[in-house]
Amino acid sequence: MAIQELPKVYEPGSVETRLYAAWKAAGYFRAKPDPARSPWAVMMPLPNVTGELHIGHALNNTLQDILARFQRMRGRCVLYQPGTDHAGIATQNVVERELAKEGLRREDLGREEFEERVWAWVRKYGSIIYAQLERLGISCDWDRKVFTLDPPYYDAVLEAFVRLYRKGLIYRGKHMVNWCPRCRTAISDLEVEYEEVDSHLWYVRYRSAGDGPDVVVATQRPETIFADVAVAVHPDDERYRELVGKEVLVPLTNRPVPVIADRRVDPSLGTGAVKITPGHDPLDHEIGRDHGLPILVTLDEGGRMNELAPKFVGLDRFEARGRVARALEMQGLLVRTEPYRTRVGKCDRCHTVIEPYITDQWFLDVRDMARRTAEAIHTGRVRFHPERWTRVALDWLEGIRPWVISRQLWWGHRIPVWNCAGCGDRVASKVEPFACERCGGRTWQQDPDVLDTWFSSALWPLATLGWPQETEDLRYFYPTSVLVTDRGIIFLWVCRMIMFGLEFLDEVPFRDVYIHPTVHDIHGRRMSKSLGTGIDPMVVIEKYGADALRFALTSRCSAAQQDMRFDEKMIADVRTFANKIWNAARFVHRNLASEDPTQVDPASLRYGMPEIWILSRLERTIQAVTRAYETYEFDEAARSLYRFVWDEYCDWYLEMSKVDLAAEKDTARAARYVLWHVLLETMRLLHPIMPFLAEAVFRALPHQGDTLMLGPWPRSDPRRVHEEVERSMGLFQEAVREIRSLRADLGLGPHQGVHVQVFAPGAERELFTQLQPYLQSLARVERLELLPVDAPRPHPAAMGLAGSVELYIPLEAAQSRTLWNRVQRELEALVREQERLTRKLQNPEFRQKAPPEVVRAEEEKLWEARTREQKLRRYLEALQEV
RNA sequence: GGGCGCUUAGCUCAGUGGGAGAGCGCCGCUCUGACGCAGCGGAGGUCGGAGGUUCGAACCCUCCAGCGCCCACCA
C-alpha cells in the first residue's frame, strides 16, 4: 500500500536500481514460449564484447526496450534477446595494444596463448556493458545472454560455413582485396571507410626503350613504379598512336615495359597515359589480366617496400613515396607535381590506409542470396521504416560483389577447412576428418584463418534461437518482429541477416526494420571520445536518472531527421518533467482520503464536467500514444504524453479538482477516483519510455497487482470522447486565460481578487454557471456575476472576450485606459483578419472550387471576427464617454 | 559522378494543402497549501532563395544555395 510521506523531489537514482533489481528477481524479463499467447521478439544488435555503452547504444536499446515493454503490456509473449559479439579485429586490436605495453607481439605468445589472453580479457571486461544496459533499464532476458564464441553459437557458424561450402558458394581464390597493413588481414569492401585528403599528382617521364618518343604518366603513387608492367593509353588517342606496341623504360629500374592500348583508359585524365601496376591497383589488375601481363608486387604485408625496389627496401610506403619522388626529380624524370584532392580508403577498425593487395582468401558468392533478399524486401516480407531505406538496401543488393569472409586473425571462428598433408586435398568439416578419401592420409592441417565477424553476426537471429537445431524457441519466436538499428550497418548486418535467414530457413529473420537517427553532438559532429564530444550515458544516468535519458532520446527521435543533435541540457530538461509527475502523484496521494480507489465502482460515481473532460482527453491520448508506438513514431508518443500530463492533467484538471476537494462537493468522490485513475493510466502509457518513474508512481499509490510492467495496456474506448464537453472546456479555458491576462496587464497581485461580470447568451450562461467556482479559483475572481447579453455593461471597466462571451471588470477610468493599447492591438488584428477572409470569400473561384465545408468554416470565422470587433468597439466607445 | 536527408522563433525541433507551434533561453509578475526541477502573463519568425502548380503553399513540383550522410576502380 501507499507510503505515508513521499519525498518532495523525485530522486531517480535509488528508485531505479531498486526497481530494476525487483523486476529482475521477479523474472518479468524472461521469455518462455507460451502457446496461449502470440510471440513478439526483438534482437539486440550485439555490442562489441570489449565495448562500453555509448550514447548510440543508449538510444538503440531504449527504443527496443520501449517496443518490448509496450508489447509485453499488451499481453504478447516477449523475447528481447541480449548478447555480445566477439568482434574479431576490434577485440584482437585491444588485446594487442595491451601486449604492446609489455613489449610483446602476438607472435611472441603463439596462437593458443594469445587466444587465452583474449579470453582472459573477455572474462574480465566482457560484462561491463551488460551492467550498463541494466542500469539503463533494458528489459531483455538475461538468462539468454549469448556470446558469439559460445560453443553452440560457434557450432552454428561452422555449420553455416560447411553448408555453404558444400553448396559450392564458398570458394578460395587469389584476388585483389582490401588489405590492412597494420591489422595484416584482408577486410571486406564494407569495412573500408573513405576519406578525402590532400595529396599530389606526380607527372613522371618514362623514356623510350628504343629511339621513340618518351611518355609522361600521372600517378598518385610513385612508390609503386617498381611494380609497373606496362603503360596504357586509349586506342583512339591520337597523341599516343605511334607509341602503342613500343616499349618504355620504368624509371629508376630501367626495366622495359610495353605500351598497350585499352578502352578503360580515360584520355581526359592526367596525361591520358597511365602506368599499369596490377599488383597494387584494382583497375590495373583487370587490365593486366586481360592483356596477359605479369603481376609484380613491391610492398610486403606490412606495407613496406620489398627487394623489387632495391634502394628503398624496408621503407614504409608513405616514406617511400617522397623518397621515390625525390629520386625521380634528381634524375630529371619528374616533369611536375600538382596538388591533388583524392579519397583514400581506411580500415574502419584502426584507420590505417588500406592497400589493394593480392592474397589468397575465402569468398562467399552471395549473388543468389542477394537476389532473394531483394525480392523479400520488394514484396514487403521485410519492411523498412522510414520507408526510404528500402531503396538504399535494394541498390546495394543489386550491385553486390563476392564477400571476402576470411581474416588473417587469431580471434574468431576458425575456418573449418582441412588440408590433407599428404595430397593437399581440401575438406570442409566441423571436426577434423579421419582419413583422406583420396590418399588415405591422416595428417590434416586446419586453415589458419578465421571468419569475418559479420559472417557470424549474420546468423544472430538464427543461432540465438538454437539453429541448426529445430528448437522450440526457433519455432515460436522466428521470424522475429522487428530489428532496430542505425543506418550505418544496413549492408554490413541487416541485409546479411536477411540473406542467411532466407538461405537457411527460407524465411526472413524479422518483419520490420526500424532505422533510428544517429546521435550527434549539439554542433552536429559525430559523438566521439577523442574529439571530446561524447556524452557518457552512465554519467548522465547517475546525474539525472535513466528515465530522463530515455525520454530525452525518445522525444527527439523523429522519422524526418537522420541525425539527432543532442546534449546534456536536454536531459536536464526532462528531469523537471519527471519531477512534475512525481509531485502530481504526491498531490493525488495526499488527497485520496480514506476510500481505496481500487475498490470503487466507477459506474457509481457522479462525474462533473472536469472529470468528463479529462477522461475524454485521456482517451485521445491513449489512442495517440498506442498508435505512435505501433508505427515507430517515438517522438510523437513522448510529445503526446508530455502535453497531456503537463498541459491538461496538471495545469487544468488537477487545479480544477482542488475546487471540488476543498468544498467537498458532491463530485469530490469522483474527482478523487479520476485523479488516481487518470494518473495511473497515464503511467501505463508512459511505462515503455520511463519505466522506473511509472512504476514508482504506481507503487506509491493504491494499486492492484505487483507491477505495472506486465499490463494491462490502457483500453481504448472511443465513447469516452466527449466533443461537446471539450468545446465547453475550450471556452472556459479561454475565459480563464483572458481574465488572467487582464489581471497581468492591470498589474494585479494574486491576492487581489477581481469582480467579473460575464455577459453571455443562454447556453453559455448556463455553462458559466456550472463552471463558476472553477473560474473563480483559477482566475482568482472574487465576485462573479452572470448576466444576459442585453444587460447594461459597467463603465468604466476592463473588457475581454472568450468566444462571443464578454468579460467585464468594473474599474476606475484611469485603470481602464491602461488597457487601451491592448484593445487597439486586438482590433487591428481583427480588421486584418476580416480583410483576409473577405478577400478570400469574395473570390468566386474560392466559393466555386473549395470544399463547401471549408467555405462555411471561413464564413463562420468572418462572422466571429465581426462580432468580436463590434463588441470591442462598443466597449471602447463607452469607455471614451466616461 | 550518382543517391538520400536537412534548412521553420536566439538554441534544439514538431507541423506536410485552408487562421505559424513546443521545450529551453529571454522579459515581467507571483515565496499560491503537488511541484521554484514551480505557477501566471508576455516578447520573438517575410517557415534557406527563385520560379511553378493550385481558389489557396511552411506543406506539392522544378531549379539554385548551404549543411550532413551514403554509394562509386577518374591515374
Side-chain angles (χ1 to χ4, degrees), chain A residues 6 8-10 176 189 194 201-202 217-221 232 264-266 268-277 281-286 340 342-343 356 386 388-389 391-392 395-396 399 487-488 490-491 517-518 520 522 524-526 544 555-556 558 560-567 569-570 572-591 635-636 639 642-643 646-647 650-651 654-655 658 662 736-737 740-745 747-751 778-780 833 836-837 840 843-851 853-855 857-858 861 865:
Chain A
L6 305 176
K8 195 167 174 178
V9 172
Y10 179 60
M176 184 160 275
D189 297 340
Y194 289 91
L201 207 52
W202 285 271
V217 307
T219 181
Q220 292 189 57
R221 306 200 58 188
R264 283 164 286 192
V265 177
D266 185 339
S268 67
L269 294 173
T271 62
V274 61
K275 71 192 201 66
I276 297 298
T277 321
D281 182 274
L283 179 61
D284 290 9
H285 187 70
E286 276 180 38
Y340 194 70
T342 189
R343 292 185 70 183
R388 64 174 178 271
W389 298 108
R391 193 71 249 157
V392 175
D395 285 348
W396 179 73
R487 64 177 182 271
I490 291 177
F491 310 144
T518 303
H520 287 187
I522 201 67
R525 292 173 304 191
R526 209 178 212 112
Y544 306 103
S555 65
R556 282 161 182 84
S558 77
Q561 303 285 329
Q562 45 183 1
D563 299 322
M564 177 193 299
R565 293 187 180 199
F566 199 74
D567 71 1
K569 208 173 133 306
M570 297 169 174
D573 291 345
V574 177
R575 184 175 47 173
T576 67
F577 179 55
N579 196 53
K580 186 80 179 171
I581 291 173
W582 181 249
N583 278 287
R586 286 179 67 227
F587 175 83
V588 174
H589 178 257
R590 177 180 299 184
N591 285 288
D635 60 330
E636 176 59 26
R639 223 185 355 262
Y642 190 95
R643 289 209 181 121
W646 205 306
D647 299 347
C650 290
D651 286 351
L654 196 146
E655 291 301 325
K658 288 177 183 173
V736 171
R737 287 197 191 100
R740 282 171 174 171
S741 180
L742 287 169
R743 294 177 58 99
D745 283 2
L748 296 177
H751 296 299
L778 269 62
R780 309 250 157 211
E833 169 84 349
R836 189 182 65 82
L837 289 165
K840 201 169 182 179
N843 182 346
E845 285 189 287
F846 173 71
R847 303 202 82 100
Q848 190 188 329
K849 297 183 181 172
E853 65 270 21
V854 171
V855 178
E858 301 293 279
K861 281 185 216 161

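Convention: sequence-line order gives letters A, B, ...; per-chain numbering from 1. Both backbone and side-chain heavy atoms feed into the values below; hydrogens, waters and symmetry mates do not.
For the pair A:I522 CD1 and B:C13 C1', the computed distance is 10 Å after rounding to whole Å. What separates CG of A:D635 from P of B:G15 is a distance of 7 Å, to the nearest Å. One can place NZ of A:K849 at 6 Å from C1' of B:C55, the figure rounded to the nearest angstrom. The distance from atom CZ of A:R565 to atom P of B:C13 is 6 Å, rounded to the nearest whole Å. The nearest whole Å value for the distance from the CG atom in A:L742 to the C1' atom in B:C29 is 15 Å. Regarding A:K840, its NZ atom lies at a distance of 9 Å from the P atom of B:G18, rounded to whole Å. Between A:L748 atom CG and B:G41 atom P there is a gap of 14 Å when expressed in whole angstrom units. Atom pair A:R743:CZ and B:C40:C1' shows a separation of 10 Å (rounding to whole Å applied).
Taking atom P in both B:A20 and B:C59, one finds a spacing of 13 Å when rounded to whole Å. Atom C1' of B:U8 sits at a distance of 8 Å from the matching atom of B:G45, rounded to the whole Å. B:A38 and B:G33 have their P atoms separated by 16 Å, given to the nearest Å.
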Tabulate protein N/O versus nucleotide N/O from nucleotides 20-24 of chain B, keeping only pairs under 3.5 Å, one per line.
{"residue": "B:C24", "atom": "O2'", "partner": "A:K569", "partner atom": "NZ", "Å": "2.4"}

Give me the distances for all protein-to-nucleotides 2-4 of chain B N/O pairs that come in under 3.5 Å?
none

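The residue A:T342 sits close only to the backbone: its heavy atoms come under 4.0 Å of sugar-phosphate atoms, none of a base. The residue A:Y340 sits close only to the backbone: its heavy atoms come under 4.0 Å of sugar-phosphate atoms, none of a base. As judged by a 4.0 angstrom heavy-atom cut-off over every strand, A:Q848 is placed among residues making no nucleic acid contact. Looking at heavy-atom distances under 4.0 Å, A:L201 makes contact with sugar-phosphate atoms alone, never a base. Here A:T271 lies out of heavy-atom contact (under 4.0 Å) with every strand. As judged by a 4.0 angstrom heavy-atom cut-off over every strand, A:P356 is placed among residues making no nucleic acid contact. Here A:A560 lies in heavy-atom contact (under 4.0 Å) with sugar-phosphate atoms only. Within the nucleic acid shown, A:V588 has no heavy atom closer than 4.0 Å to any nucleic acid atom. Residue contacts for A:R847: at a heavy-atom cut-off of 4.0 Å it reaches no nucleic acid atom on any strand shown. Note on A:R590: only backbone sugar-phosphate atoms sit closer than 4.0 angstrom, heavy atoms only; bases stay farther off. A:D651 comes within contact range of the sugar-phosphate backbone alone, with a heavy-atom separation under 4.0 Å but no base atom that close.
The side-chain heavy atoms of A:K580 and A:Y642, taken from C-beta on, include no pair separated by under 4.5 Å. Taking 4.5 Å as the limit, some side-chain heavy atom of A:L6 sits within range of a side-chain heavy atom of A:W582. Side-chain contact check for A:K861 versus A:K840: every heavy-atom pair is 4.5 Å or farther apart.
With hydrogens and angles left out, the side chain of A:Q561 and the base of B:A14 share no donor-acceptor pair within 3.5 Å.
Classified by interplanar angle (parallel below 30°, tilted 30° to 60°, perpendicular above 60°), the ring pair A:W646/A:F577 is parallel.
OP1 or OP2 of B:A14 has at least one side-chain nitrogen or oxygen of A:S558 nearer than 4.0 Å.
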Please, what dot-bracket string fits RNA chain B when only Watson-Crick and G-U pairs with both distances under 3.5 Å count, crossing ones use [ ] and pairs to another strand use |? ((((((((.[[[[.)..(..]]]].(((((.......))))).....[[[[[..)....]]]]])))))))....

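A:D563 has a carboxylate O that lies under 4.0 Å from a charged side-chain N of A:R487, or vice versa, which qualifies the two as a salt bridge.
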